[in-house]
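Here is the structure we will look at, set down as structure tokens.
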Amino acid sequence: MEIEKEKSLNFIEQIIEKDLEEGKNEKRVHTRFPPEPNGYLHIGHAKSICLNFGLGKQYNGKTNLRFDDTNPTKEEDEYVNSIIEDVKWLGFQWDGEICFTSDYFQQLYDWAVQLIKEGKAYVEEQSAEEISAQRGTPQMPGTFSPFRDRSIEENLDLFDRMRLGEFENGSKVLRAKVDMASPNMQMRDPVLYRILHAHHHRTGNKWCIYPMYDFAHGQSDYLENITHSICTLEFENHRPLYDWFLDQLASGDRPQQIEFARLNLNYTVMSKRKLLELVEGSYVSGWDDPRMPTISGLRRRGYTPESIRNFADRIGVAKRDNVIEVSLLEFILREHLNKITDRVMAVLKPIKLTITNYPEGEFEDIELINNPEDEQSGSRIAPFGRNIYIEQDDFMIDAPKKFFRLSPGREVRLKGAYIIKCEDYKTDENGNVIEIICTYDPATKSGSGINRKVKGVLHWVSAEKSIDAEIRLYDRLFNDEDPMGHKDADFKEFLNNDSLKVLTNCKLEPSLATAKVNDKFQFQRLGYFCVDTDSTENNLVFNRTVSLRDSWAKKRK
RNA sequence: UGACCCAUUGUGUAAAGGUAGCACUACAGUUUUUGGUACUGUCAGUCAAGGUUCGAAUCCUUGUGGGUCAACCA
């Protein structure tokens, strides 16, 4: 860690190091990750998680996990649990207990009362529409509410009765008296509290008034001794208000809000609302559908936490809007999977191949290296015999010169085994090839020292001893780089109809019989695959996490 | 039309007034019992115009382009 001291700092690290130099906050660094528990986390959240927890670790500081649960109508324990699981899975541990904004409801209420007593807040009785109309426009100053100059006593009484449940939803709100003429719309007497007769996932029915985000967030940061409150760019305009509340209510060290540009990825959508639409419309199987950009989706797809952390690290942090290419994510994924997964042989679209000069009913053990990238990984045995399966794509009747695979009269090596020559093939009545007839050269067994070069090396499995599996081939969910970027078209019009292909009767080498859910492999020459959560002992199911780079596929086009 | 923010190869991100670098992508090649990996190379950039300076991606001005803001959402 100390060695890579030369690494340049992003703008947040620069701010932190300057604060440290100046001795701010007793030289503490304390960040927080503050999701609202109203949905599942996605890879955009992962960027924020890695940023906040990363900074905490980097500066020997702390990082809190706080659920921003100020809106009981949208929030549920189900989401709390999934968020906790995702943060842990990504490899992070928060300091102290998990925090909830709802833990501070009493303090927030007391602060609101304090503002009223100081003449800085008032109870508003107009409708949302009227308030909105009076707020003016960015170009036009707003006008005062007729309730703005109520007496402190009346405000106190009304606010207390709001809390006691005397009023209906929407009938009253508490507003701060800030500046109706501010060019910043956030400052035009923002709402502090609204009435919501709703069950809260943690406080139950104790409260029927709930603080708004702006009144809760900065103060929660302050209460938790947060030093750097990092959020996304859309809160930039809220910062003056964030500071205004703290000016009124805080003393001593105060958190500072810093905004960064959220992550955008091409060929997907990232907003919770759109993802929900995909789930509810059954365009995907759920929040953890392997095509979803959710953490749970990526996990099921076969992504590793390391790869996601590494991705977050490499995309950097800045303030300009950005769209990251998925190819970078995939590169980083492959980079990790290449190092950690065993190579195995699986035939997705099998075709029979018979070696006529190999004795019938006989088998031999073929030793295969598990992972050439990892000497520790050792080797395993696969059975070889007269009848095997190879990939349909690896045979062509009239093959071009650059086709390094099997074709009548040509030779290839079977990975780890022998060189074979295609002597003939059989077709059905429609002309489809149904069997390939070959001979093998017994002198060419792998490791025998014979130095005969052939261009092609094919993967294969024993016909009799292979096992069956279902394999799900996933591709990008959208055909369009920016599904949301079309004014006249709904994003769902750009869904990729081929984003999932289910293959059954795939043939796997027998060593895979013991594979457990989540186990990851490289299927030689095909890609990286993992065992899906749907998999059972009698029905193995694999997901394709990502294909291998395929320069042959490119050449064919 | 107001306020705030942003602008560096196709993409992302560095260079804190002093050689525009790194990664991905694309393309070429070497190695290879994976058309994988690894390695090498090629293409390609400071939004524009002024100003300050010996010197500007960096500072200033103006313009242009993009983003955010007018929920009792966060």
Side-chain angles (χ1 to χ4, degrees), chain A residues 7-10 14 34-36 38 68-71 73-75 124 127-128 131-142 169-175 182-188 190-196 209-210 212-214 216-217 231-240 259 261 263 266 272 314-332 334-335 338-339 343 345 369 372-373 402-405 412-417 419 444 446-447 453-459 522-528 547-556:
Chain A
K7 202 186 160 200
S8 57
L9 304 176
N10 64 47
Q14 289 177 23
E36 180 187 15
N38 69 343
D68 210 351
D69 54 351
T70 58
N71 186 350
T73 63
K74 288 185 173 178
E75 297 148 7
E124 166 71 79
S127 69
I131 293 173
S132 172
Q134 282 168 10
R135 200 152 3 227
T137 68
Q139 294 77 32
M140 289 272 295
N169 288 358
S171 60
K172 291 178 176 51
V173 293
L174 185 71
R175 286 228 260 171
S182 172
N184 182 345
M185 298 298 289
Q186 310 302 328
M187 304 297 274
R188 321 250 263 227
V191 172
L192 267 37
Y193 269 89
R194 77 284 214 189
I195 300 170
L196 246 29
I209 56 172
Y210 292 91
M212 298 289 290
Y213 165 86
D214 285 305
H217 205 94
C231 63
T232 46
L233 245 26
E234 65 265 30
F235 292 104
E236 240 168 357
N237 292 337
H238 294 239
R239 187 170 2 111
E259 311 86 10
L263 165 70
N266 64 5
K272 267 185 200 171
R314 292 224 223 159
I315 57 176
V317 181
K319 290 192 77 162
R320 68 169 152 160
D321 295 320
N322 60 82
V323 183
I324 310 284
E325 295 176 344
V326 267
S327 57
L328 176 62
L329 216 208
E330 291 176 344
F331 168 81
I332 291 170
R334 289 192 187 104
E335 184 181 48
N338 176 49
K339 291 199 178 82
R343 275 60 173 165
M345 296 201 286
I369 302 290
E373 305 285 322
K402 287 284 176 99
F403 187 78
F404 301 149
R405 307 176 184 187
V412 295
R413 173 174 289 283
L414 294 173
K415 177 77 184 176
I419 291 176
T444 58
S446 286
K453 295 281 178 193
V454 285
K455 251 324 194 181
V457 178
L458 306 187
H459 61 280
Q522 185 196 97
F523 287 2
Q524 199 100 188
R525 298 210 300 138
L526 298 174
Y528 297 97
S547 65
L548 254 28
R549 278 190 62 203
D550 188 353
S551 47
W552 167 241
K554 278 177 193 165
K555 217 167 257 176
R556 279 151 72 210

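Just so we're on the same page: letters track the sequence lines, and every chain starts at 1. Since the model is a prediction, treat every value here as computed from it, not as a measurement.
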Which whole number of Å gives the distance between the C1' atom of B:rC43 and that of B:rU9? 10 Å

Counting heavy atoms from C-beta on, name the nucleotide in B:rU34, B:rU68, B:rA15 closest to the side chain of A:Ser8. B:rA15

Whole-angstrom distance between B:rA48 and B:rU11, as gauged at atom C1': 23 Å

Can you find a donor-acceptor pair, distance only, under 3.5 Å between A:Arg334 side chain and B:rG36 base? no

Could you give the CD-to-C1' distance, from A:Gln522 to B:rU34, as a whole number of Å? 7 Å

Mind telling me if B:rA71 is syn or anti? Syn here is a glycosidic angle within 90° of 0. syn

Taking only side-chain N and O atoms of A:Thr137, does any of them lie within less than 4.0 angstrom of OP1 or OP2 on B:rU1? no

In whole angstroms, the gap separating C1' of B:rU68 from CD of A:Gln139 amounts to 14 Å

Tell me whether A:Gln14 contacts the main-chain N or O of A:Leu9 through its side chain, where contact means a donor paired with an acceptor under 3.5 Å. yes

With a 3.5 Å cut-off and just heavy-atom distances, do the side chain of A:Glu325 and the base of B:rG12 make a donor-acceptor pair? no

RNA chain B: A:Gly447 or A:Leu329, which has the more 5' nearest nucleotide? A:Leu329

A:Lys402 side-chain N/O to B:rG35 phosphate OP1/OP2 under 4.0 Å: no

Select one nucleotide: of B:rU34, B:rC73, B:rC72, the one nearest the side-chain heavy atoms of A:Glu36. B:rC73

Both distances under 3.5 Å, Watson-Crick or G-U wobble: report the partner of B:rA15, or none. none

Compare side-chain N and O positions of A:Ser127 against OP1 and OP2 of B:rC72 and report whether any pair is under 4.0 Å apart. no

d(CD, A:Glu259; P, B:rG67) in whole Å: 19 Å

Residue met sooner reading RNA chain B from 5', once A:Glu373 and A:Arg343 are mapped to nucleotides: A:Arg343

Closest non-hydrogen atoms of A:Gly136 and A:Met185, given as atom of the first, atom of the second and distance, are O-CE, 3.7 Å

On the nucleotide B:rC73, are OP1 or OP2 found under 4.0 Å from the side-chain N or O atoms that A:Arg194 carries? yes

Roughly, in whole Å, what's the span from CE in A:Met185 to C1' in B:rC73? 17 Å

When you check the phosphate oxygens OP1 and OP2 of B:rA26, does a side-chain N or O of A:Lys554 lie under 4.0 Å from one of them? yes

At under 4.0 Å, does any side-chain N or O of A:Arg549 touch on OP1 or OP2 of B:rG35? no

To the nearest Å, give me how far apart CZ (A:Arg413) and P (B:rG35) are. 13 Å

B:rA56 -> Watson-Crick or G-U wobble partner, both distances under 3.5 Å, gives none

With a 4.0 Å cutoff (strictly under), does any side-chain N or O of A:Arg239 reach OP1 or OP2 of B:rC69? no

How far, in whole Å, is B:rG12 from B:rG51 if one measures between their C1' atoms? 32 Å

Taking 4.0 Å as the cut-off, does a side-chain nitrogen or oxygen of A:Ser132 come that near to OP1 or OP2 on B:rA71? yes

Check every strand shown and say whether A:Met212 touches a base, only sugar-phosphate, or nothing at a heavy-atom separation below 4.0 Å. sugar-phosphate

Given the structure, check if the side chain of A:Ser446 and the base of B:rU33 hold any donor-acceptor pair shorter than 3.5 Å. yes

If I compare all heavy atoms of A:Lys319 with all of A:Leu233, which pair ends up nearest, and what's the gap? O-CD2, 3.2 Å

Looking at A:Val323, A:Ile324, A:Val317, A:Thr232, which one forms a side chain to side chain contact (heavy atoms under 4.5 Å, CB included) with A:Leu263? A:Ile324

With no hydrogens and no angle check, is any side-chain donor or acceptor of A:Arg188 less than 3.5 Å from a backbone partner on A:Ser182? yes

Do A:Asn237 and B:rU68 share a donor-acceptor pair, side chain to base, under 3.5 Å? yes

In whole angstroms, how far is the P atom of B:rU37 from the CZ atom of A:Phe331? 9 Å

For B:rC72, take OP1 and OP2 only and decide whether either is under 4.0 Å from a side-chain N or O of A:Arg135. yes

Does B:rG35 have its OP1 or OP2 closer than 4.0 Å to a side-chain nitrogen or oxygen of A:Arg525? yes

Whole angstrom is fine here: how far is it from CD1 in A:Ile131 over to C1' in B:rC72? 7 Å

Report yes or no: does A:Asp214 contribute a side-chain atom to a donor-acceptor pair with the main-chain N or O of A:Leu192 at less than 3.5 Å? no

Applying the 3.5 Å cut-off to both distances, the Watson-Crick or G-U partner of B:rG36 turns out to be none

Would you kindly give the CD-to-P distance between A:Glu335 and B:rU25, to the nearest whole Å? 10 Å

Partner of B:rC24 by Watson-Crick or G-U wobble geometry, both contacts under 3.5 Å, or none? B:rG10

Is the base of B:rG35 stacked against the aromatic ring of A:Trp552, taking ring centres under 5.5 Å apart and planes under 30° as the test? yes

Does any non-hydrogen side-chain atom of A:Tyr193 lie less than 4.5 Å from one of A:Lys172? no

For the residue pair A:His217 and A:Tyr213, categorise the inter-ring angle as parallel (less than 30°), tilted (30 to 60°) or perpendicular (more than 60°). tilted

Taking pairing as Watson-Crick or G-U wobble with both contacts under 3.5 Å, can you name the mate of B:rC73, or confirm there isn't one? none

Considering Watson-Crick and G-U wobble pairs with both distances under 3.5 Å, what does B:rU61 pair with? B:rA49

In terms of side-chain heavy atoms of A:Val457, which of B:rA14, B:rU37, B:rU34 is nearest? B:rU34

